[in-house]
Trainee: 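Attaching a single structure in structure tokens format; questions to follow.
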Amino acid sequence: MARHDSSHTSTGRRALAVLATAGVALGAGASAASAATGEPVLGALNSRPTSIGSIDPQAGVQGALGALPYVTGAVSGLKPNPLAGTGVDPLDNGVGTQLADFQPLTSQMLTAPVAQAQSIGSIPVLGEVTKVLGG
């Protein structure tokens, strides 16, 4: 009976060869880019910092704060649990225990607000945070 020459190890070897080739290509590209600057890589680490000019930090903060309502508004509308209502929803599962005559404790008490939420803005604590941030 003749053996088949291809095996699972040849696929692994091919994958490693592709990764090694990509690594060599990236290394060659990085060294070419370094050579193009004319300055050695180690010399760049020891160089003195230069002036960044006149930058207004308040303008940067105002720009970031101005964009914040748009970001939080978009995030607050997202569905937190895309698997909700399906048979494979991991947050729908629960673990519970009861000690003596006390009420039973289940993990669904913690996961229910996220599992049943229509959007991130409707989750009890996160919804309030997104409203404060302008969402």
Side-chain angles (χ1 to χ4, degrees):
M1 181 175 196
R3 289 188 170 204
H4 197 294
D5 287 335
S6 68
S7 66
H8 296 294
T9 57
S10 65
T11 304
R13 287 181 184 161
R14 279 189 231 135
L16 288 175
V18 168
L19 288 174
T21 305
V24 169
L26 286 173
S31 64
S34 174
T37 62
E39 184 176 324
V41 174
L42 294 177
L45 295 175
N46 296 329
S47 65
R48 298 175 70 196
T50 60
S51 171
I52 56 173
S54 60
I55 294 179
D56 185 13
Q58 284 184 333
V61 171
Q62 287 174 350
L65 291 178
L68 194 60
Y70 298 106
V71 173
T72 57
V75 169
S76 67
L78 292 176
K79 189 173 182 179
N81 185 14
L83 298 174
T86 64
V88 293
D89 184 6
L91 296 176
D92 194 29
N93 297 329
V95 177
T97 186
Q98 181 176 4
L99 300 172
D101 294 336
F102 296 108
Q103 276 188 323
L105 295 173
T106 65
S107 62
Q108 288 179 333
M109 297 163 68
L110 295 173
T111 59
V114 176
Q116 298 168 358
Q118 296 298 317
S119 67
I120 290 180
S122 66
I123 296 176
V125 175
L126 289 177
E128 296 168 8
V129 170
T130 57
K131 289 175 187 167
V132 167
L133 293 176

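Note that the structure is predicted; figures quoted are calculated from it, not measured.
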Trainee: Is there a path of hydrophobic side-chain contacts, each under 4.5 Å between heavy atoms of I/L/V/M/F/W/Y residues, joining Met109 to Val95?
Mentor: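 In one cluster: no.
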Trainee: Which pair of heavy atoms, one from Ala115 and one from Asp89, lies closest together, and at what distance?
Mentor: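 Heavy atoms of Ala115 and Asp89 come nearest at CB-OD2, 4.3 Å.
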Trainee: Got a second to check how far Leu105's CG is from Leu110's CG, nearest 0.5 Å?
Mentor: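 Leu105 CG to Leu110 CG: 9.5 Å, rounded to 0.5 Å.
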Trainee: Just by modelled atom types, is the Phe102 backbone N or O under 3.5 Å from a matching donor or acceptor in the Gln98 side chain?
Mentor: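 The answer is yes, because a donor-acceptor pair under 3.5 Å joins these two groups.
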Trainee: Check which hydrophobic residues are tied to Leu83 through side-chain heavy-atom contacts below 4.5 Å, counting indirect links as well, and list them.
Mentor: Val88
Trainee: Taking only residues two or more places apart in sequence, or in another chain, which ones meet Gln108 in a side chain to side chain contact (heavy atoms under 4.5 Å, CB included)?
Mentor: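 Here the qualifying residues are Asp92, Thr106, Thr111.
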Trainee: Is there any side-chain hydrogen bond (donor to acceptor under 3.5 Å, both in side chains) pair reaching into residues 112-121, and which pairs are they, with sequence neighbours excluded?
Mentor: none
Trainee: So which atom in Pro113 and which in Ala117 form the shortest heavy-atom distance, rounded to 0.1 Å?
Mentor: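 For Pro113 and Ala117, the tightest heavy-atom pair comes out as O-CB, 3.1 Å.
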